[in-house]
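Heavy-atom basis, side chains included; hydrogens, waters and symmetry copies ignored. Order of the sequence lines sets the chain letters (A, B, ...), proteins ahead of strands, with each chain counted from 1. These figures come from a predicted structure and were not determined experimentally.
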Amino acid sequence: MLDIKFIRENKELIQEGARKKHINFDVEKLIETDDKRLKLLKAVEDMRAEQNRTSLMIGNNLEPAQRTQLLNEMKILKEDMKNQEDELKSVMHEWQLSMLQVPNIPDISVPEGESDEQNMEVRVVGEKPVFSFTPKSHLELMEMHDLADFERGSKVSGFRGYFLKNDGARLEMALWNYFMDSLVQKGYRAMIVPSLVNRETLFGTGYLPQGEEDLYKTQDGDYLAGTGEVATMAYYSGEVLEKEKLPLKFASFSPCFRREAGAHGKDVKGLYRVHEFFKLEQVVLCEASHEESVKYHEEVTKNVEDLLTELGLPYHVVINCGGDLGLGQVKKYDIEVWVPSQEKYRETHSASYFHDFQTRRLNIRYKDTEGKMRYVHSLNNTAVATPRILISILENNQQADGTIKIPAPLVKYMGKEYIGK
RNA sequence: GGAGACGUGGCUGAGUGGUCGAAAGCGCCUCACUGCUAACGAGGUAGGGUGUAAAAGCCCUCGAGGGUUCGAAUCCCUCCGUCUCCGCCA
């Protein structure tokens, strides 16, 4: 959500932003609706003022005749007012729907492009492993060491269902612990957050109304969130924060659920694309300045890069092009880790900032030094998403004898150096 | 699941039909006082919208949404949430 005044004053910017994001949106139409809204609002407010004045007069002692006359006048006024209010209500409805469609403006550094094909590589880090043998896929490795069971996964859970077993399960937990410990050391607050969330929360974070298709919904009208970002962001919704406490940094763990409605036929085998997974997410709320947003955007990105490097995983960072940005996102980096069996980098992390797009919807504010209420800025990045990242860990660390070398930082969590020895 | 109570500003808490966006206290800000700090004293202090050069003014908001009324924090209905007791279950 953007400020309507800002939209009116910067309609070219908005229109240009929508074009860059390849989002179909007509600013002029919104402004027309807003004109109607303002005109009706003025009319209704004037009538209400009239009504308030007259009511005060009636409250005083009056001649019975005068009183009767005023009561009659009120009856007429109320009828007029009802009509105008009804009209205002319907215009407001249209206005709100339109306001929910307004895309946030992408940063100048965001490249042009329609889809992830046009994302721009900004750096490549780590050495891709060189194998003296044909490397196995994570599926083969997991079967070999009894780390997962996909057949029983779909028997029990359906398409894309899986069980993790033995060191597969333990490796996943080791990752959670390693990433959580590291982030807590960097000053992030450890949280375990709800996945079951209400509608408003998803509107607030920008996952609704556009993302309905990809969300599981309960018979009570609640939803299963696709990321811990949702509950973490809503944690302070409707609140006024103390400026001194900013930035607030969270490391939020939660189960995540995605219907993958638009991804039929994609990555149908293995752990890459599943309906149910776990994620540790970084969320930051900071002061309302672009510089602060950028600073923490770089920070949450670096946090992950440092840890991937510690784990010895080769990765690259791409800057997402306009067409690959969500409605509320200003800029996004994806971090993609090397998958030897596919000879590709695959997305494991996604870092984006929103300025006040989310906090305006969620109504999260603070008082600045001038005493003015401001919406905080919000941003987030994956810390670690499992089981997806297991793919790269298993494949990159496989040995000629079929064993898997556990990355050094995880050894203490696993209590061993190799899987399969 | 059943019964009852409650939901007011940054916080505590008064307010059951009229000039109440709201007493009082706490907190916070300004001034005065003091060698400095604290206490005491004086004043100020909700948010949003509209409007404007800026203001003033006007409108809305007492959990949310409806309704009754000339007029609602106050009465009625629905929903959400919190608390207490009972039941059920860990």
Side-chain angles (χ1 to χ4, degrees), chain A residues 1-9 30-100 102 193-194 196-204 208 217-223 230-231 234-246 248 285 287-288 356-376:
Chain A
M1 186 85 75
L2 299 179
D3 181 8
I4 182 65
K5 282 188 175 168
F6 176 85
I7 296 170
R8 293 187 72 108
E9 285 161 17
L30 170 61
I31 289 176
E32 267 174 46
T33 308
D34 193 49
D35 288 339
K36 275 195 256 175
R37 173 189 144 254
L38 288 176
K39 198 170 149 229
L40 282 165
L41 192 62
K42 175 90 173 75
V44 167
E45 285 189 356
D46 286 349
M47 287 190 208
R48 283 183 187 154
E50 167 82 27
Q51 184 188 38
N52 288 341
R53 277 194 299 272
T54 311
S55 292
L56 281 181
M57 287 165 67
I58 295 171
N60 293 326
N61 287 331
L62 288 178
E63 300 283 322
Q66 201 182 356
R67 188 186 154 85
T68 308
Q69 194 203 330
L70 289 179
L71 287 179
N72 282 335
E73 281 175 22
M74 279 300 92
K75 227 166 233 161
I76 297 164
L77 179 73
K78 276 185 80 172
E79 212 155 291
D80 283 353
M81 197 159 73
K82 178 95 171 54
N83 290 334
Q84 297 281 300
E85 277 175 341
D86 285 350
E87 204 174 325
L88 178 61
K89 210 183 253 179
S90 98
V91 169
M92 279 306 289
H93 183 70
E94 188 188 332
W95 185 83
Q96 271 156 353
L97 285 180
S98 186
M99 284 296 280
L100 285 174
V102 183
V193 306
L196 189 62
V197 296
N198 59 31
R199 227 176 136 68
E200 294 79 71
T201 300
L202 287 157
F203 268 100
L208 282 177
K217 191 175 180 178
T218 74
Q219 66 267 47
D220 298 320
D222 293 322
Y223 293 82
V230 175
Y235 183 74
Y236 284 118
S237 63
E239 299 191 27
V240 178
L241 307 179
E242 288 174 50
K243 182 175 178 290
E244 294 69 35
K245 298 233 169 104
L246 299 176
L248 290 160
L285 299 177
E287 280 180 47
D356 62 5
F357 187 92
Q358 294 183 311
T359 56
R360 190 176 286 278
R361 289 186 178 193
L362 289 165
N363 194 24
I364 305 174
R365 297 174 298 170
Y366 70 98
K367 240 182 201 148
D368 70 11
T369 29
E370 277 91 55
K372 197 172 173 294
M373 288 288 194
R374 307 282 306 266
Y375 292 101
V376 303

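Distance check on atom C1': B/rC59 versus B/rU45 gives 23 Å, rounded to whole Å. Going from the P atom of B/rA72 to that of B/rA32 covers 45 Å, rounded to whole Å. With C1' as the reference atom, B/rG27 and B/rC11 are 7 Å apart, rounded to whole Å. For the C1' atoms, the distance linking B/rC75 with B/rU16 amounts to 8 Å, nearest Å. Taking atom P on both nucleotides, B/rG47 is separated from B/rG10 by 7 Å, rounded to a whole Å. Across the C1' atoms, B/rG35 and B/rA42 are found 24 Å apart, a figure rounded to whole Å. Comparing the C1' positions of B/rG44 and B/rC26 gives a spacing of 16 Å, expressed to the nearest Å. Separating the P atom of B/rG9 from that of B/rG21 is a span of 16 Å, rounded to the nearest Å.
Listed by chain and number, the residues in a side-chain hydrogen bond (donor to acceptor under 3.5 Å, both in side chains) with A/Tyr235 amount to none (sequence neighbours excluded). Under the salt bridge (charged side-chain N to carboxylate O under 4.0 Å, His left out) criterion, A/Lys89 pairs with no residue at all, not counting sequence neighbours. Looking at residues two or more places apart in sequence or on another chain, you find a salt bridge (charged side-chain N to carboxylate O under 4.0 Å, His left out) between A/Glu287 and A/Lys243. Evaluation of the salt bridge (charged side-chain N to carboxylate O under 4.0 Å, His left out) rule for A/Asp80 yields no partner, not counting sequence neighbours. Residues passing the side-chain hydrogen bond (donor to acceptor under 3.5 Å, both in side chains) test with A/Lys217, sequence neighbours excluded: none. The side-chain hydrogen bond (donor to acceptor under 3.5 Å, both in side chains) search around A/Glu94 returns A/Thr33, not counting sequence neighbours. With sequence neighbours left out, the side-chain hydrogen bond (donor to acceptor under 3.5 Å, both in side chains) criterion links A/Thr54 to no other residue. By the salt bridge (charged side-chain N to carboxylate O under 4.0 Å, His left out) test, A/Lys75 pairs with no residue at all, sequence neighbours left out.
Pairing analysis of RNA chain B (Watson-Crick: purine N1 to pyrimidine N3 plus N6-O4 or O6-N4; G-U wobble: N1-O2 and O6-N3; both under 3.5 Å) yields stems of 3 or more pairs at B:1-7 with B:80-86, B:10-12 with B:24-26, B:27-31 with B:41-45, B:46-50 with B:57-61, B:63-67 with B:75-79.
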Can you give the donor-acceptor pairs under 3.5 Å from side chains of residues 36-50 of chain A to other protein atoms, not counting sequence neighbours?
{"unit_1": "A/Arg37", "atom_1": "NH1", "unit_2": "A/Asp34", "atom_2": "OD1", "d": "2.3"}
{"unit_1": "A/Lys42", "atom_1": "NZ", "unit_2": "A/Asp46", "atom_2": "OD1", "d": "3.3"}
{"unit_1": "A/Lys42", "atom_1": "NZ", "unit_2": "A/Asp46", "atom_2": "OD2", "d": "3.0"}
{"unit_1": "A/Arg48", "atom_1": "NE", "unit_2": "A/Glu85", "atom_2": "OE2", "d": "3.3"}
{"unit_1": "A/Arg48", "atom_1": "NH2", "unit_2": "A/Glu85", "atom_2": "OE2", "d": "3.1"}
{"unit_1": "A/Glu50", "atom_1": "OE1", "unit_2": "A/Arg53", "atom_2": "NH2", "d": "3.4"}

Under 3.5 Å, N/O pairs linking protein and nucleotides 49-52 of chain B:
{"unit_1": "B/rG49", "atom_1": "N2", "unit_2": "A/Glu45", "atom_2": "OE1", "d": "3.3"}
{"unit_1": "B/rU50", "atom_1": "OP2", "unit_2": "A/Lys5", "atom_2": "NZ", "d": "3.3"}

Any N/O pairs under 3.5 Å between the protein and nucleotides 70-77 of chain B? List them or say none.
{"unit_1": "B/rC70", "atom_1": "O2'", "unit_2": "A/Ser55", "atom_2": "OG", "d": "3.1"}
{"unit_1": "B/rG71", "atom_1": "OP1", "unit_2": "A/Gln51", "atom_2": "NE2", "d": "3.1"}
{"unit_1": "B/rG71", "atom_1": "OP1", "unit_2": "A/Lys78", "atom_2": "NZ", "d": "3.0"}
{"unit_1": "B/rG71", "atom_1": "OP2", "unit_2": "A/Lys78", "atom_2": "NZ", "d": "3.2"}
{"unit_1": "B/rG71", "atom_1": "O4'", "unit_2": "A/Ser55", "atom_2": "OG", "d": "3.2"}

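The interatomic distance linking A/Gln96 (CD) with B/rG65 (P) rounds to 11 Å, in whole Å. Regarding A/Glu239, its CD atom lies at a distance of 13 Å from the P atom of B/rG9, rounded to whole Å. For A/Asp46 and B/rG57, the CG to C1' distance is 11 Å, given to the nearest whole Å.
Between A/Leu202 atom CG and A/Leu208 atom CG the span is 5.0 Å, to the nearest 0.5 Å.
Using a 3.5 Å distance cut-off with no hydrogens or angles, the side chains of A/Ser55 and A/Asn52 do not pair a donor with an acceptor.
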Checklist entry - For A/Leu196 and A/Tyr223, what are the C-alpha separation, side-chain angles and deciding distance, and is it a side chain to side chain contact (heavy atoms under 4.5 Å, CB included)? => result CA-CA 6 Å; A/Leu196 189 62; A/Tyr223 293 82; over 6 Å; no
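At the phosphate of B/rC58, neither OP1 nor OP2 sits under 4.0 Å from any side-chain N or O atom of A/Arg53.
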